[in-house]
There are 2 protein chains.
Amino acid sequence: MVTRTAAERRAESKAAYDAYLAECPARQLLERISDKWVSLIVNALAEGPQRYSDLSRRIASVSQKMLTQTLRNLERDGLVTRTVTPTVPVRVDYGLTPLGRTILPLMRAVKTWAESNMDDVIAARNRYDTSA
Amino acid sequence: MVTRTAAERRAESKAAYDAYLAECPARQLLERISDKWVSLIVNALAEGPQRYSDLSRRIASVSQKMLTQTLRNLERDGLVTRTVTPTVPVRVDYGLTPLGRTILPLMRAVKTWAESNMDDVIAARNRYDTSA
DNA sequence: CGGCATCCAATAGGATACTG
DNA sequence: CAGTATCCTATTGGATGCCG
């Protein structure tokens with residue numbers, strides 16, 4: 001590991017990944033986090049660790065498959081922790097990792113944006129649909 | 001239109017939409033903006049209005065279908081303007097609306113997050129895959 | 001140039017049944 | 001409770017051809 005200045009590291013990281021490029025890993029990561037289930041799950045976990053069943057109830061109509069699948073991906077990507085308590089029946093808690101907490105403000109902003117600009121979007125759709 | 005105080009309107013809007021609810025329109029809007037093409041297009045348009053062909057070149061490997069489809073949706077939702085100049089051949093420019101500019105910081109943050117945390121995510125994946 | 005229409009392959013994702 | 005496994009349908013999205 002060569003020592004570099006902050007500026008050097010910044011320049012390097014700037015050049016390293018570019019989501020505009022199709023083959024860039026960042027493109028796949030962008031795709032992964034640009035997902036409604038990711039947004040809802042991370043937002044839900046903002047209030048602290050929660051059990052699988054809590055998340056399931058909180059996020060209306062999420063199927064067991066999508067909830068598990070999304071949580072597994074988030075865990076693998078280092079955004080979410082999974083803690084199993086081997087009681088009977090088993091208890092599983094999910095929480096945000098430090099890395100996961102860095103994306104929380106973004107996910108929160110996106111969800112909030114959708115909720116607070118819904119009226120404007122509806123108005124725009126009405127204009128578009130009636131004019132067309 | 002009844003006159004309300006800012007606090008009343010805020011409280012009302014707060015209660016009006018909730019993306020956690022499956023039937024809520026905000027859930028569909030969240031789904032719509034949680035899309036890699038939306039993110040990339042809005043980011044690209046941050047630098048000012050651009051032609052269709054510019055966007056196509058900038059966003060590597062986006063198909064004509066997805067680019068047009070996403071732009072149409074964004075236009076309908078009031079985030080993007082579409083300006084046709086009837087020359088031969090025709091010239092079409094896309095730009096962000098004021099509403100579109102309100103979502104730009106979020107889309108920019110998401111894309112930047114993906115690019116700047118790629119290394120951490122890769123490391124997390126390696127840990128997950130080798131331990132499992 | 002900037003599309004639209006169509007067809008088709010791939011993927012996402014819901015429903016159901018079963019388990020430690 | 002918190003999953004896994006399987007099946008099957010619906011949606012996504014690429015490829016192609018045509019057009020003003």
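Keep in mind that what you see is a predicted model, and the values were worked out from it rather than measured.
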Strand-adjacent residues in residues 25-58 of chain A, judged by heavy atoms under 4.0 Å from DNA chain C: none
Taking only heavy atoms on the protein side, list every residue of residues 73-93 of chain B lying under 4.0 Å from any atom of DNA chain C, sorted numerically.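 Residues of residues 73-93 of chain B that come under 4.0 Å of DNA chain C are, in numerical order, Arg82(B), Pro89(B), Val90(B), Val92(B).
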Do any N or O atoms from the side chain of [X] and from the backbone of [Y] form a donor-acceptor pair under 3.5 angstrom?
{"X": "Tyr20(A)", "Y": "Arg57(B)", "result": "no"}
{"X": "Thr68(A)", "Y": "Gln64(A)", "result": "yes"}
{"X": "Gln50(B)", "Y": "Gly95(B)", "result": "no"}

Salt-bridge present (Glu31(B), Arg27(B); N to O < 4.0 Å):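 No, this pair does not count.
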Taking 4.0 angstrom as the limit, do Glu75(B) and Arg125(A) come out as a salt bridge? no
Quick one about Ser116(B) and Tyr17(A) (side-chain donor to acceptor, distance below 3.5 Å, no hydrogens or angles considered), yes or no?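 Judged by distance alone, the side chains do not pair up.
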Side-chain donor-acceptor pair present, Thr83(B), Tyr94(B), cut-off under 3.5 Å: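 No - no donor-acceptor pair under 3.5 Å links their side chains.
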Using whole Å, what does the distance between atom [atom2] of nucleotide [N] and atom [atom1] of [X] come to?
{"X": "Lys65(B)", "N": "dG17(D)", "atom1": "NZ", "atom2": "P", "value": "16 Å"}
{"X": "Gln69(B)", "N": "dC4(C)", "atom1": "CD", "atom2": "C1'", "value": "12 Å"}
{"X": "Leu67(A)", "N": "dG14(C)", "atom1": "CG", "atom2": "P", "value": "11 Å"}

If we only count heavy atoms from C-beta on, is the [X] to [Y] side-chain gap below 4.5 Å?
{"X": "Leu104(A)", "Y": "Leu96(A)", "answer": "yes"}
{"X": "Arg32(A)", "Y": "Val121(B)", "answer": "no"}
{"X": "Ile103(B)", "Y": "Val42(B)", "answer": "yes"}
{"X": "Tyr128(B)", "Y": "Arg72(A)", "answer": "yes"}

Out of dT4(D), dG13(D), dG13(C), which has the shortest distance to the side chain of Met66(B)?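 Among the listed nucleotides, the one closest to the side chain of Met66(B) is dG13(D).
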Side chain of Tyr94(B), heavy atoms from C-beta onward: which of dA15(D), dT4(D), dG3(C) has the nearest atom to it?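 For the Tyr94(B) side chain, the nearest candidate turns out to be dG3(C).
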Over its full length, what angle do the end axes of the helix from dC1(C)-dG20(D) to dG20(C)-dC1(D) make, each axis taken from five pairs and the result rounded to 10 degrees? 50°
What nucleic acid atoms does Gln64(B) come within less than 4.0 Å of, heavy atoms only: base, sugar-phosphate, or nothing? base
